[in-house]
Structure formats: structure tokens, C-alpha cells
Amino acid sequence: MKVFKFGGASINSVDRIKNTTRIIESYKGERLLIIISAMGKTTNALEKVVDAFYEGRKEDALQLFEQVKQAHLTTLKYLITVNWQQAENQLKDFFTEVEWLLHDKPVREYDYYYDQIVCCGELLSTSLVSSYLNEMGIKNKWLDVRDIVRTDDNFRDAYINWEFTSQKVKTDIEPLFTEFDIIITQGFIGATDENESTTLGREGSDFSAAIFANILDAENQTIWKDVEAVMNADPKEFPDAVNIDALSYREVVEMAYYGAQVIHPKTIKPLENKNIPLHVRCFLNPELPGTVISNKPVHNLPPVIVLKKNQVLMELSSKDFSFVEEKPLGLLHEMFASIKIRPNLSQNGAISLLNCFDDKSEKIEKLALAAAEIFNVQIEKNLTLLTIRHYTEEKIQTLTKGKTIVLEQKTPQTIQVLMR
Ligand code: ASP
Ligand code: MG
């Protein structure tokens with residue numbers, strides 16, 4: 001069997017849903033487990049609902065949610081004519097779940113409400129697509145993934161309970177394939193043992209798909225995107241970016257680590273562990289081969305470029321000119337852990353430490369305040385971090401031209417340059 005994941009852009013209009021359905025149809029006779037994201041920008045829209053609700057703006061929250069409802073109901077109206085009543089009822093059950101909650105007052109933490117509300121995006125999109133497939137005579141089984149994927153209650157970044165989830169997949173999903181070739185379910189969401197909804201972090205459905213691929217020993221996983229393939233750079237920043245046909249798991253993990261927005265960083269491990277190839281393909285042009293990610297080493301890759309803007313450099317120096325030794329270093333790493341901040345680049349000197357972070361103002365302020373107990377703290381903002389894997393001297397020259405280099409680190413594979 002194969003695992004497919006369709007992103008939000010693949011179903012953001014009636015035409016796109018029809019297109020996605022044609023792709024699914026072309027795999028007739030094969031067993032597919034299909035994960036579908038929330039439609040278009042629904043997750044962002046739902047985040048606004050959560051904000052309004054949590055700030056006590058109940059009317060705004062309901063109004064914003066109404067827009068999400070209407071978008072789905074309108075799509076349904078264009079897609080489904082025969083069994084529309086049944087399809088609409090299913091959507092309405094999810095609407096009601098959220099609306100009940102919106103009529104309450106927030107008494108728990110923000111992240112809890114976030115997950116209870118935002119999870120409906122994928123429930124709505126998948127039930128819509130499942131109904132449309134039925135309408136088209138394509139037999140499929142829709143599942144609420146919250147009955148399968150068990151997590152802890154670390155809301156918004158929930159941790160998977162693999163043991164429970166594997167068991168559930170084996171008892172509740174595997175047998176379904178004797179009756180259905182196509183199973184449709186959600187990514188990104190799960191539930192606690194108390195039946196509270198949870199989410200796995202933004203863009204988490206690539207990871208969900210990999211969890212299923214791992215447990216079901218899938219032949220492969222395909223992520224259907226609106227790009228032709230994984231590229232060596234963001235084409236919006238670098239018009240000469242090129243497609244890459246093949247990558248190793250290791251390369252993708254490295255790319256994600258340095259900030260390339262290719263695939264959710266947690267996706268690779270469950271696939272690598274069972275040696276399941278990951279395909280990235282274009283739903284706009286399914287004829288194209290896309291990119292294959294596997295355990296095969298790939299040689300002669302073009303320079304892979306990742307640009308991270310809005311970087312902050314924090315220089316921490318000892319207050320009395322003493323060496324920065326294990327103790328202050330240890331304390332600093334404890335601060336990183338408790339504030340949940342990770343440097344993108346670090347360099348240690350005799351009496352100072354340099355750390356570069358994404359500019360998440362609140363966290364940076366917290367860290368600066370805590371660090372000021374033991375160090376003198378200096379901060380510079382608005383820097384850009386350039387990472388090039390498989391660099392060439394020429395590439396470094398072109399990309400750093402006219403910039404002031406604040407910090408540079410180099411290994412035989414990777415160069416990182418922090419620039420002003
Ligand atoms: N819908 C969620 C998001 O946009 C999860 C996903 O698509 O992977 O982040
Ligand atoms: Mg998405």
C-alpha cells in the first residue's frame with residue numbers, strides 16, 4: 001500500500017478538488033491511505049478565530065468562524081448534488097463542536113483552545129473530499145484520526161504515543177483494507193487519552209503521513225505539492241533555482257535543520273527507520289517525476305541554499321574578563337531549554353559566546369534578561385543567515401557580495417554566513 005499526503009493548496013477550490021480526485025482515481029486498484037490538509041488557508045483563518053475567542057471577543061470569533069463555515073458549505077454546494085444532505089450534516093457536526101466551545105469563556109490555557117478549534121480544518125476538508133469521492137463512485141472510508149493517533153497533552157506540539165497508535169492502526173485500519181482500497185483521514189491532529197484534540201505543530205501532516213507509512217509498512221509515501229520538485233533554493237529569492245531529482249534522507253534532514261521549508265523536519269525519521277522512499281510530486285502536473293528521497297547516497301548535488309532573514313546575534317561576554325567555562329555554558333544551555341529557544345549558529349571564544357537566533361522578540365527578551373545575570377549582553381538585529389551546502393567558492397562570492405560578514409562557520413559540506 002501507499003501513503004499520499006495532499007497539502008492545503010491541492011484542494012483550495014472546486015477545480016483543485018476535482019483535480020486531486022483525478023489523481024486518486026488514476027491509482028485505481030491500489031491501496032491508498034490518504035491524508036489531506038485543511039483547505040487552502042483554513043488553518044490560518046482558524047488561528048484568528050482562536051485569538052479572538054481567547055481575547056474575549058466572542059462576536060468576532062463567531063463571525064470569523066462563520067466565514068470558515070461558509071467557505072466549506074459553498075464548496076460542498078458546487079461539488080455534491082446527490083448526497084449533499086448527508087455530506088452537509090457531517091460538516092455541521094464539526095461546526096457545532098467548535099461553536100459550542102466559542103460560546104464558553106476561556107478558562108484554560110491558550111494552546112488547549114488552539115487545538116480544539118484548529119483541528120476542525122482537517123476534519124472538514126477530509127470529510128468534504130471523502131463525500132465527493134463517494135459522489136463520483138469512488139469507494140472510500142473516512143476516519144476520524146483522533147480515534148487512532150494518541151498523543152500526550154502538550155497542546156500545539158503534542159508528542160505521539162507510538163505504542164498505542166501502532167496498535168490502533170493495526171486493529172482499526174489494517175482490516176479496513178480488505179473492504180476499502182482508499183482510506184481518507186487527517187494529518188496534523190490527534191487526541192489525548194481524555195479525548196481532547198491535539199495538534200502536532202504547523203505543517204504537521206507530512207509527519208502524520210510518515211507515521212502511517214511507518215506503521216503500515218507502506219511501499220512509499222508521496223507528498224503532493226504545488227511545486228514541480230524539491231529545489232536547491234527558494235525560487236522566489238533565487239530565480240535560477242533548479243529541481244533536484246533525488247536526495248538522501250540525510251540531506252533532507254540537514255536542509256530542514258538549516259531552515260529550508262521543504263518538508264516538516266519530523267517526517268524523515270519514521271520513513272528512514274523502515275527505509276520507505278518519500279516522493280515529492282506536483283499535483284498540477286502528475287506526469288512529472290518530482291523528487292525521490294531515500295537511503296541512496298546522492299552525489300553531485302548543486303549548491304543547496306537556505307536564507308534565513310530576521311536573525312538576531314546575541315553576544316554574551318564574561319563580566320570580569322574570565323574565561324567562559326563549563327559552568328556558565330551549562331547555565332546558558334539550561335536557559336535555552338527552559339525558554340525553548342535554539343540558536344541557528346553558535347561560536348565560542350575565550351571570554352565571549354556568540355549565538356544567532358530567529359527574532360522571536362518575546363523569547364529573545366526573556367533570554368537576554370536571564371543571561372544578563374551572568375554575562376554582559378549585546379544584541380544586534382536585522383541580520384541574515386545564509387547557509388550553503390555543497391558550496392563552491394564562486395557561490396559564496398556571489399551570495400555574500402556587498403554584505404558585511406559578522407560571523408562565518410565552515411565544514412567541508414556546509415558554510416554558514418551571518419551577514420549585515
Ligand atoms: N493544516 C495544517 C497547517 O497548515 C497542517 C498541515 O497542512 O500540514 O499547518
Ligand atoms: Mg499546509
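Treat the numbers as computed from the prediction; the structure is a model and nothing was measured. Both counts, for ligands and for their atoms, begin at 1 and track the order of listing.
Atoms of ligand 1 found under 4.0 Å from any heavy atom of Ser37 (numbered from 1 in listed order, with element): 6 (C), 7 (O), 8 (O). Heavy-atom contacts of Ser205 reach the following atoms of ligand 1: 5 (C), 6 (C), 7 (O), 8 (O) (cutoff under 4.0 Å).
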Given side-chain contact (heavy atoms from CB on, under 4.5 Å), test Asn134 with Met136 step by step and report yes or no.
CA-CA 5 Å; Asn134 281 328; Met136 298 303 289; over 6 Å; no
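No side-chain donor-acceptor contact under 3.5 Å links Gln90 and Gln86. Defined by atom type and a distance below 3.5 Å, a donor-acceptor pair is present between the side-chain atoms of Gln409 and Gln347.
Where the criterion is an N or O separation shorter than 3.5 Å, residue side chain and backbone included, Arg202 meets it with respect to ligand 1. Taking distance alone, with nitrogen or oxygen atoms compared against 3.5 Å, Lys5 stays at or beyond that limit from ligand 1.
Between Tyr114 and Tyr54, the ring centre distance reaches or exceeds 6.0 Å. The aromatic ring centres of Phe6 and Phe283 sit 6.0 Å or more apart.
At least one heavy atom of Gly204 sits under 4.0 Å from some atom of ligand 1. Heavy-atom separations between Glu122 and ligand 1 include at least one value shorter than 4.0 Å.
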